[in-house]
Structure formats: C-alpha cells, structure tokens
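What follows is a short report on a single structure.
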Amino acid sequence: MLSDPQSHLQRPDPATEYLPATIPSFEDKVTDLGKKILAGIRVERASILSKQYWSQRFMEWSTKTPSLKRNLFRLVDVLPSLESSDAISDHIAQYLGDEASTLPTWAAWGIRPPGSATKAIMASGVRLGVRQMAAQFIAGETPRAALGTLRSIRRSGFAFTVDLLGEYCVSEREAESYLKRYIECLTVLGSSVPKWRESRSLMQDNPGDSRAACVSVKLTALYSQVSSLNQKRSVTLLSDRLALLANEARQANAQIYVDAEDSANNEIIYKAFKRVFSSAEFRGDFLVGCVVQAYSRHAATLLTDLLSFSKERGCPIAIRLVKGAYWDHETTVARQNGWSSPLFSHKSSADANFERLSRFLIDNHERLFPAFGSHNVRSLSHACVYAESRGVPKSAFELQMLFGMADPIARAYRHHGHLVRLYVPLGPLLPGMGYLVRRLLENTSNESFLRHTFFDDHTTDALLTAPQFDPEDR
Amino acid sequence: MNTPFFVNEPFTDFSVSSNRKLLRDALERLESTRSTAGLVAYPIINGQRRTTPNIFEREDPSTKDIQLGTIHFASRDDVDEAFSSIEEGRLGWQDTPISERASILNRAASIMQDRRHDLNALIIREVGKPWKEADADVAEAIDFCRYYAERAFHFASPIATSDIPGEENVLVYHPRGTAVVIAPWNFPFAIACGMTVAALVTGNGTILKPAEQSSLVGFALAELLLAAGVPPNAFAFLPGQGEDIGRALVEDKRVDLICFTGSRAVGQQIISSAATPYPEQRAIKRVIAELGGKNAIIVDEDADEDDAIRGILASAFGFAGQKCSACSRLIVVGKQYSRFIERLIEAAADLIVGPSAQPETVVGPVVDDDAYQRLNRTIEHARQECRVVVAARNGSEGYFIPPTIIVDPPLTSSWWSEELFGPVICTTSVATFDDALRLATDSPYALTGGVFSRNPRNLEAAKRHFAVGNLYLNRAITGALVARQPFGGSRMSGIGSKAGGPDYLLQFVEPRTITENTSRRGFVPEIASS
C-alpha cells in the first residue's frame with residue numbers, strides 16, 4: 001500500500017482511511033513533537049501579549065459579546081477610509097457608544113466618554129492603534145519600504161515570500177498598475193536581496209531555499225474581467241501576464257508562488273499556471289509554486305492532476321498546502337445562491353484532509369516540493385512526523401506561516417530544524433484593511449487554533465487530537 | 001436568523017464547466033432550428049395556433065442582419081374570439097379546486113426546470129440578454145409559479161369573520177373574471193409568467209399579450225402553460241403591436257382586470273382608458289401597473305469603494321441598463337467625488353460589450369433599432385451640454401450602446417430626471433448625506449434605490465427617508481428575488497402591491513362576505529346547545 005502513493009487518495013471513505021496506522025506509534029510521535037512545540041510557545045506568551053498590545057486588546061474585547069465583536073470589526077473596517085478627526089470620533093461613538101461601558105478601559109483606545117474628550121486626541125489614538133495592529137501583519141507600504149523588515153526576517157533565520165495587497169481590480173488600468181507593482185517588487189528584491197549576507201542559504205540542501213527572494217502572485221489582480229464565463233480570454237491574458245512575471249522572476253533570481261483564490265476563479269488560475277509553466281520557455285523553471293486548499297472537496301483530485309503535470313513537465317514544482325482562507329465567503333455565496341458548496345462544511349474535515357494531502361505530498365516530494373502552510377501545531381507536526389517515518393529528510397520540505405500571526409510557532413519549528421517561510425503582505429493601509437480584518441477574524445474565531453493556544457488555554461491533548469472527517473463531509 | 005419559508009430556484013452555477021456546456025449546446029440547438037425550420041410564434045386561442053397575414057419579422061439585436069423568427073400578429077377578430085373562448089372557459093376554471101390550479105403551476109415550474117437552458121438560449125437571442133441574466137429570468141419565472149401556487153391557498157377557503165348567535169359570517173375570495181396581461185420585453189419570461197400565473201391561479205380567465213420584441217419567448221411560455229395543464233379555454237395568447245392589439249384588449253367590454261408592466265406613458269394611457277366606461281362594459285376595470293424608475297445610488301464618504309464600484313456597474317450596466325430597477329443616477333457625497341468617478345469611468349469602459357450569445361458578454365445590445373436610435377440621440381444631445389464619457393464601441397453589427405456616463409448634468413435636465421432605459425448613468429456630487437437623500441428622493445419615481453455607507457446613522461436615515469419600493473444597502477439595486485425581496489414601487493413607478501410578495505394575489509380576487517341567518521322560528525342552534 002505504501003508503495004503506491006496515490007492509493008490513499010482514491011479510497012472511497014477517507015474517514016476510515018488512516019495510513020499512518022501502519023506506522024508503529026505514529027500518533028504518539030505526533031503528540032510528542034506537538035507537545036515540545038507547544039511547551040516552547042506557551043512560555044513566550046507573556047512577551048507576545050505585551051508586544052502586541054493593540055491586537056491583544058482587540059482580541060480580548062471582541063470575544064466578549066457577538067455584538068461587540070461585530071461593531072469592532074466594522075469599526076476597524078471603516079477607519080482607514082475616514083479622513084477627518086471628526087469623522088473618526090463620530091464613527092467610534094456610533095459603533096461603540098452602547099458597548100463602550102463594557103470595555104475594560106476607556107483609556108486603552110484613547111477614548112473618554114463622548115463629550116469630555118477632545119476629538120483630535122481620540123482620533124489619533126485610535127488611528128495609531130489600527131496602524132500598530134496593521135503593522136503587525138503588514139510589513140510596509142512598498143517593497144522598498146519593507147526591505148528592512150524582510151532582511152531582519154532572514155536574519156532571524158526565516159525565509160519569506162512577499163504578497164502585494166491592493167484594491168479590487170476593476171479596470172485594465174488597475175490591472176496594469178498591479179502588474180507594474182509586481183514587476184517593481186521583483187526588481188527591488190532582485191537588486192537587493194541577493195547582496196545580503198542574510199541571503200545565504202538557511203538550510204544547505206533544501207531546494208526551497210535555493211533562492212532567497214520569493215513573491216506570491218494574486219493572479220486575478222492582473223485582469224479586470226476575470227470570470228468563468230470569460231474563461232478563454234481570462235486564461236489567455238493571465239497566462240501572458242504571468243509569463244511576464246515569470247521572466248522578471250528569472251532575472252531577479254526569485255521564486256514565484258501563484259496563490260489560490262475562490263473556487264469560481266481557481267480553475268482559471270490553475271489553467272494559467274499550467275499553461276505558462278509547461279511552455280517551452282518556462283517548463284524548466286525550478287520549483288515554481290502553486291497553492292492547494294485542503295478545505296476544497298476537489299483538493300485530492302487537483303493534487304493528483306498537479307503530480308501528472310509535474311511529471312510531464314519534467315521539472316519539480318512547489319505546492320503550498322493550506323486549509324484555505326475563503327471559507328466564510330464561499331459558504332455564504334453558496335447559501336445565498338442555493339448551490340452546494342465546493343468546500344467541506346466542517347473545519348475538522350479540512351484538517352483531516354490537510355493531513356491526508358500532507359502524506360501525499362511527502363510521498364511525492366521529489367516532484368511536488370511540499371510547503372505546509374498552517375499555524376496549527378497538530379497539522380504541522382503530523383506532516384513532520386510522517387516525513388520522518390518515511391525517511392524523508394527535513395531538507396525536502398518547508399513550513400509556511402503568515403507574518404505576524406504566530407511568531408512563536410514559527411520560531412519553535414525553526415528551532416526544531418525546519419525551514420520556515422513567512423508570508424509577508426505589503427501595501428497601503430486602506431486596501432490592507434481587508435487583510436487585517438481577515439487576520440483578526442481568524443484569531444478571534446471560535447475555531448481558531450491560535451486563539452485556543454494563546455487565549456483559551458485548551459489542553460495540550462485537545463489541541464493535538466487527530467482530526468476526523470465530519471460525517472456530513474464523507 | 002429566520003428560516004426561509006420559501007426556497008428560491010438556484011441560478012445556474014456557470015463556474016462549473018458542464019453547466020456552461022449545457023447552455024452552449026442549447027444555443028447551438030436553437031441556431032440549428034432557426035436556420036432550418038425557422039422560429040415561429042402564433043396566436044393561441046382555445047388551444048389552437050392561428051396563422052394570420054400580419055407577419056412581423058423579429059431580428060436578433062446582437063446581429064441585426066439575422067432574422068431570428070417570424071411572428072403571426074393577432075388580428076382584431078382574434079381578440080374577439082379569444083374573449084369569447086375565455087368567457088366560456090373561465091367559469092369552469094374558477095370552479096376548479098385550488099389544489100388542481102396550484103399543481104398546474106408547479107407542473108409548469110418543473111417543465112421550466114427541464115427546459116431551463118433552451119429557454120435561456122431563446123431569451124439570450126431574442127432580447128439580447130447575457131447568459132447569467134437570462135438564466136435568472138427563467139429562475140424567477142420558476143419562483144413565481146411555486147410561490148403563487150403556495151400563496152393561492154391563502155385565498156381559497158372562507159375566512160370566518162365574527163359570528164353572533166343566529167348568524168354566520170364568512171369572507172370569501174372570488175376571481176375577478178377575465179384578466180388581460182400586457183407584458184414587457186425586458187424580463188420576457190419572468191414577468192410575463194408572474195403576471196399570467198397570478199391571474200390564473202386565482203381562477204381568472206387570462207389573455208396574455210407579450211411585447212412584440214419578445215413574442216417568441218412569450219409563445220414558449222404560452223405553450224408551456226398549456227402543456228402543464230391550463231385548460232385551453234381559460235387562457236389565450238395574442239402577440240401583436242401594443243397600439244393595435246394591446247389597445248383592443250384593454251378597451252374590450254369583457255375585461256375585469258388589466259395587469260401591465262411597461263413604460264409610464266403606456267401605463268397612464270391604460271389607466272385612463274380603463275377609467276373610461278365603454279358601452280356594455282360590465283365592471284370598473286381594475287389596473288395593476290408596474291412602471292418605470294429613475295433610480296439613485298448614494299455613495300457616502302465612508303463607503304467601501306470596491307463594493308460601491310462593483311455594485312454600481314452591475315446595477316447600471318447589467319442587461320444594458322434595461323431594467324426598471326436599474327441605477328441611472330449616482331450621487332456621491334464629499335470630495336472623493338472626482339477620484340471615485342474617474343475610477344468608475346475606467347471600470348465601465350472595460351466591461352465586455354458584445355453579442356449576448358457569447359458567454360463573456362457583460363453588456364449586450366439594446367433591444368431594437370428604436371431603442372438604439374433613441375439612446376444615440378439622447379447621448380448626442382447630452383454631449384452638447386455636458387461631459388459624456390462613452391466606452392469604445394465594439395465592431396459588431398448589433399444594436400450596441402456602450403456604457404455611458406453623463407457627468408454633472410444640470411439637475412433640471414431630462415437626462416437627470418427621465419428614465420432613459422439604457423446603459424446610461426448620470427453622476428453628481430453633494431456636500432452631505434442629507435443632501436444626497438433629498439436629491440435621491442426628488443423624483444416622480446419611487447422604485448429602487450441604494451446606499452453605500454458604513455455610517456450607522458446614515459444607514460438608519462436612509463431606512464427612514466429613502467422612500468422607494470425596494471431599498472438596498474451596501475449592495476447592487478437590481479436582482480430582486482421572489483419572496484425575499486418582493487418587488488414594486490410607488491408614485492409614478494406604479495400602482496399595485498409587490499410582485500413576488502405576500503399580498504400580490506389579493507389584487508386578482510374580489511372579497512365577498514356572506515351572511516347567513518341560522519335561526520329558524522326561534523330555534524338558534526348556538527343558544528339551544530349551550
């Protein structure tokens with residue numbers, strides 16, 4: 001069974017299938033590693049809490065009541081678009097007026113009950129708070145401005161990949177400006193990163209770190225009329241534009257990941273990825289990456305397809321395996337339209353699928369370089385232990401985490417000898433707010449591993465339990 | 001969250017490639033029928049197709065050189081015969097149990113589901129609707145059938161009022177008699193279907209006249225209703241010109257109810273005609289009229305710009321702006337105005353304009369040469385007085401008007417105040433949100449309206465003072481769904497209650513009370529038994 005890596009993707013009932021059961025004391029090893037990691041990060045908790053004052057306050061408050069959470073998110077969402085102090089203090093009063101008395105401390109937001117505070121002080125206090133929260137997750141407005149942060153990331157022993165935040169792309173002029181931003185980003189990275197002494201390899205024989213510069217591309221930002229009904233033109237134009245970036249990346253000696261987005265557009269995204277990187281010009285480009293979302297019901301099929309693609313191409317590609325970030329959005333769209341969702345309906349199923357696909361990637365690491373993207377200690381430890389038990393070295397894969405989200409976890413895995421890459425968003429604050437809101441939502445969600453780890457004091461055993469497919473998702 | 005009591009028919013998910021293929025195949029089938037046997041529509045009276053000498057050739061608005069189909073327009077004699085047939089049939093129909101009338105509607109809905117993509121294809125070709133919007137048209141028709149089938153039961157059993165000893169009172173609903181339905185071309189299937197099945201399920205004999213531009217779709221609907229089991233003498237289908245057949249239908253003495261959706265001018269003519277009694281007229285004609293709109297969207301200072309741009313594009317240019325719910329006035333609060341408008345202009349200019357049968361088309365053609373000429377004249381005229389931005393024309397042969405933005409027209413101009421019914425939007429800026437609300441509601445119409453804002457106070461003010469039939473906050477203002485957003489306006493936007501809403505059918509019935517003296521020579525059952 002182990003000799004055929006695809007067999008466990010084709011089994012009829014993924015829930016009863018648990019390949020590592022054949023490996024002696026596999027679960028114990030996962031738990032052991034997980035415990036080591038968790039022991040390390042819980043010690044760090046105190047220092048995190050003091051460093052990330054604003055977002056910690058935010059998270060504490062937003063878990064108090066659903067209506068407070070809703071209002072806080074709406075406030076953070078609207079703040080960057082407000083220009084005057086009057087507008088800011090007015091919105092604060094409106095969103096938090098009734099709730100304000102339940103907050104632990106007025107002073108924390110620079111707020112006093114309306115009337116007694118000067119608006120300017122209140123407004124600048126809140127603006128500062130939001131900026132600080134954003135700065136925790138967003139490394140700077142431009143690639144040049146972020147170079148310092150990127151360099152210090154390398155210095156601390158992490159790899160990085162850069163992501164560009166921006167407005168929704170509604171016109172071709174905006175698509176062009178995105179393209180220029182990506183090209184500029186590659187140029188800036190290409191002209192500075194290789195010169196840093198920090199850019200020498202973090203892990204000698206790990207192909208993931210053969211180049212220090214790395215950019216993640218949101219493909220749909222490059223064409224304003226992307227739609228599955230406009231599929232032909234979407235794939236053609238996005239391929240052309242991605243080819244330009246692939247060429248720039250080569251010049252800059254940078255790795256490229258093409259991000260996955262919502263299910264409606266992913267078909268187009270994968271088609272463009274495959275078209276460009278199977279072309280005569282780019283088929284030899286080493287370890288170009290794409291992303292597979294484990295919460296998708298089609299993820300296993302997709303991964304099998306990407307394996308054949310890699311074989312045909314004759315040069316390995318990288319796969320960032322993630323749980324997926326559009327669950328709320330897609331589930332809402334599906335419900336509003338009366339469609340069945342393309343995603344698993346339970347988080348536990350996405351977790352279980354993540355593990356199943358992790359094993360597939362480890363078993364095929366020579367063609368599909370695995371990059372496990374998660375903050376979940378259970379998910380990551382499972383992948384690491386499975387690799388070890390199959391004799392796959394740590395240098396054959398990497399872990400990826402979001403910048404600013406889980407630094408202690410990232411450090412813990414690095415200490416444990418893994419290559420860890422941070423996903424680093426750049427961009428102006430206003431369009432970056434959507435990203436910030438998503439991160440905060442993630443941290444405050446009832447199902448958040450980070451929240452369970454850092455705030456809710458879930459027991460170690462609870463955090464490390466093996467996930468199961470929910471019966472509804474079988 | 002309330003559990004919805006009515007589940008809308010899902011739109012087709014065109015991100016699934018097999019679904020795209022279904023519609024592509026249907027379009028091919030339709031084209032092969034068109035180019036061989038030809039597409040033909042006839043009047044239907046007593047279940048029989050009539051051929052007539054009044055032939056109308058309908059062209060495909062996407063490629064005007066192609067004749068799409070041949071329509072046999074009904075004659076005045078056909079009108080007379082249709083009424084005679086219905087006079088005979090409607091009494092039997094009104095005595096048909098409600099369960100049976102409702103199940104005919106549900107059967108019609110099932111046939112529509114089965115023929116979904118063939119119907120989509122016909123709508124795409126005949127009126128130039130893009131794929132998604134054609135599909136939504138059929139979904140809405142299915143919703144109307146199912147929703148009215150369910151609602152009709154509310155009017156089927158006697159309602160006890162208040163009884164006292166010796167007297168029994170009930171209120172019952174009766175059909176009004178004969179209904180004339182005059183349908184528009186812009187929702188050629190959904191609206192024609194909704195008005196027709198509402199009249200039928202409440203027990204009225206019904207004559208449907210489609211818009212001449214959508215007679216083929218109307219004919220498909222008529223045949224489908226008969227196939228679902230509507231008795232041939234309870235329903236007739238009479239294609240024809242509005243001024244001719246429409247007028248004859250409205251003026252006939254045998255009409256009890258006129259249900260119209262269309263322009264304000266025609267609606268007002270119908271209302272005044274209905275108010276004028278003709279010799280031997282048997283009833284004061286009841287008119288239900290859904291007319292136009294000059295709908296505004298307000299973009300507040302703190303709006304989410306991405307959401308606003310996308311919402312406005314969909315509301316103003318979807319189906320080339322040919323919806324009564326479409327956005328045609330944009331009011332932006334504050335100094336972001338010029339930056340916002342420039343972004344909108346660029347976005348509008350990049351929308352894909354093209355033949356509706358091509359899946360990628362976002363803005364298709366306008367419906368016919370009249371609309372095309374009229375809109376071109378309007379745009380030319382506006383150009384002489386203010387800044388007008390028109391997206392590039394595509395090279396195709398159809399009646400294409402690219403997305404057009406009239407920037408800062410005088411607020412007294414006709415462009416600002418009159419319904420243009422095309423992909424044309426006027427924009428203006430105001431200083432405060434209150435100004436925006438005043439300007440938005442300063443219109444003879446009151447159909448739809450929208451606000452993009454993240455200011456709770458302003459959203460609350462909009463809920464109170466933005467008096468339109470359908471108000472949308474932080475989303476597009478088109479695409480009302482049956483039961484979820486019952487649709488219809490007030491003022492010059494129409495009379496009658498909302499289509500797809502709980503009290504719509506009430507307009508198709510008349511209430512009667514029946515009082516029975518139950519005492520006999522001093523014997524009063526209630527007293528005797530107590």
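When reading the values below, keep in mind they use all heavy atoms of this one structure, side chains included, and skip hydrogens, waters and symmetry mates. By convention in this document, chain letters (A, B, ...) are assigned in the order of the sequence lines, proteins followed by strands, and residues within each chain are numbered from 1.
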Side-chain donor-acceptor contact under 3.5 Å, A:Gln94 with B:Asn455: yes

Using 0.5 Å steps for rounding, measure from the [atom1] atom of [X] to the [atom2] atom of [Y].
X	Y	atom1	atom2	answer
B:Thr361	A:Leu229	OG1	CG	9.5 Å
B:Asp350	A:Ser171	CG	OG	5.5 Å
A:Ser228	B:Asp13	OG	CG	7.0 Å
A:Tyr168	B:Asp307	OH	CG	10.0 Å

Steps toward side chain to side chain contact (heavy atoms under 4.5 Å, CB included) verdict (B:Ile352, A:Asn230): CA-CA 9 Å; B:Ile352 299 173; A:Asn230 186 24; 3.4 Å; yes

For the pair [X] and [Y], find out whether any cationic side-chain nitrogen is under 4.0 Å from an anionic carboxylate oxygen.
X	Y	answer
B:Arg457	A:Asp90	yes
A:Glu267	B:Arg20	yes
B:Arg343	A:Glu174	yes

Atom group of A:Asn266 that falls short of 4.5 Å from chain B, counting heavy atoms: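 A:Asn266 has no heavy atom closer than 4.5 Å to chain B.
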
Side chain, backbone, both or neither of A:Ser224 within contact of chain B (heavy atoms, under 4.5 Å): side chain

Proximity breakdown for [X] and chain A, heavy-atom pairs closer than 4.5 Å:
X	value
B:Arg454	both
B:Gln358	neither
B:Ser453	neither
B:Leu344	neither

Side-chain donor/acceptor of B:Asp306 to backbone N/O of A:Glu167, under 3.5 Å: no

A:Gly338 to B:Pro10 - nearest heavy-atom pair and separation: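 That closest heavy-atom pairing would be O-CG, 3.5 Å.
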
Minimum heavy-atom distance B:Phe11-A:Trp339, with the two atoms named: O-NE1, 2.6 Å

Taking the side chain as every heavy atom from C-beta outward, state whether [X] and [Y] have any atom pair closer than 4.5 Å.
X	Y	result
B:Glu342	A:Arg173	no
B:Glu360	A:Gln225	no
A:Ser81	B:Asp302	yes

NZ/B:Lys132: more than 12 non-hydrogen atoms of other groups inside 6.0 Å: no

A:Arg131 atom CZ, over 12 foreign heavy atoms within 6.0 Å: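 No, CZ of A:Arg131 has 12 or fewer neighbouring heavy atoms, counting only those of other groups under 6.0 Å.
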
Residues B:Lys335, A:Glu83; criterion salt bridge (charged side-chain N to carboxylate O under 4.0 Å, His left out); working and verdict: CA-CA 11 Å; B:Lys335 42 185 197 295; A:Glu83 285 171 10; 3.6 Å; yes

